[in-house]
Amino acid sequence: QVQLVESGGGLVQAGGSLRLSCAASGRLFSTYAMAWFRQSPGKEREFVALISGTGGRTNYDDSVLGRFTVSRDNAKNTVYLQMNSLKPEDTAVYYCAASTFFVLHSGAYSYWGQGTQVTVSS
């Protein structure tokens, strides 16, 4: 079992930055690929970014490529999402998730955090 707790969300003006954190409990954190997804009202949950267990591979949705950076510290059982140049359309609840597979589809993720709200004002 893996328990995930996100933090770092908040209200920021367009062009600003936030760093989300996701702390994991449980064993073998480094064996899990970790992903960030987001969901805004009236929309389906969408993939944002993904990092492999060792941190050697990453993947991003085109909408955040060049603005967001995913990283992890396996010694701290934590994954991060650095978000720069934020836009109003980035407003959503952001979730971290863990999977034994390096895939983008949310259905492959067995463990989810409770989410953290990010609001970007124009």
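When reading the values below, keep in mind they use all heavy atoms of this one structure, side chains included, and skip hydrogens, waters and symmetry mates.
Panel note: side chain T91, backbone V120; a donor-acceptor pair is recorded below 3.5 Å. Between the side chain of S40 and the backbone N or O of A92 there is no donor-acceptor pair closer than 3.5 Å.
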Which pairs would a plain distance check flag for residues 1-13, meaning a side-chain donor or acceptor within less than 3.5 Å of a matching protein atom at least two apart in sequence or in another chain?
from: E6; atom 1: OE1; to: Q114; atom 2: N; distance (Å): 3.0
from: E6; atom 1: OE1; to: Q114; atom 2: NE2; distance (Å): 3.4
from: E6; atom 1: OE1; to: G115; atom 2: N; distance (Å): 2.9
from: E6; atom 1: OE2; to: C96; atom 2: N; distance (Å): 2.8
from: E6; atom 1: OE2; to: G115; atom 2: N; distance (Å): 3.3

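Two residues are said to be in side-chain contact when any heavy atoms from C-beta on lie closer than 4.5 Å; T78 and F29 fail this criterion. Using a 4.5 Å cut-off on side-chain heavy atoms (C-beta onward), M34 and L50 make no contact. Using a 4.5 Å heavy-atom cutoff, the side chains of Y32 and Y111 are in contact. The closest side-chain heavy-atom distance from Y95 to T116 is not below 4.5 Å. Annotation: side chain of F68 is in contact with side chain of L86 (closest heavy-atom distance under 4.5 Å). Counting only heavy atoms from C-beta outward, the side chains of N59 and L104 approach each other to under 4.5 Å. Side-chain atoms of V48 and Y60, non-hydrogen and from C-beta on, never get closer than 4.5 Å to each other.
Contacts classified as salt bridge (Lys or Arg N to Asp or Glu O under 4.0 Å) and involving residues 87-106 (residues at least two apart or in different chains) are given here: R38-D90, R67-D90.
One side chain, S17 or N84, offers a donor N or O that lies under 3.5 Å from an acceptor on the other.
When hydrophobic clusters are built by joining Ile, Leu, Val, Met, Phe, Trp and Tyr residues whose side-chain heavy atoms come closer than 4.5 Å, directly or via intermediates, M83 is not grouped with V93. L65 is connected to L81 through a chain of hydrophobic side-chain contacts under 4.5 Å among Ile, Leu, Val, Met, Phe, Trp and Tyr, so both are in one cluster. The cluster map of Ile, Leu, Val, Met, Phe, Trp and Tyr, joined by side-chain heavy atoms under 4.5 Å apart, puts V118 and V70 in the same cluster.
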Report task. Tell me, with the steps shown, if E46 and D61 meet side-chain contact (heavy atoms from CB on, under 4.5 Å). Result -> CA-CA 9 Å; E46 63 178 10; D61 184 77; 5.8 Å; no
Report task. For V103 and Y109, run side-chain contact (heavy atoms from CB on, under 4.5 Å): C-alpha distance rounded to whole Å, both residues' side-chain angles, the deciding distance at 0.1 Å, then the answer. Result -> CA-CA 9 Å; V103 294; Y109 287 80; 4.2 Å; yes
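Cation-pi check for R72 over Y80 is not met; the charged atom does not lie both under 6.0 angstrom from the ring centroid and within 45 degrees of its normal.
Rounding to the nearest 0.5 angstrom, the gap separating the NE2 atom in H105 from the OG atom in S99 is 11.5 Å.
Taking the six-membered ring wherever Trp is involved, the centroid distance between the rings of F37 and W112 falls below 6.0 Å.
When every heavy atom of I51 is checked against every heavy atom of S71, the shortest pair comes out as CD1-CA, 3.6 Å.
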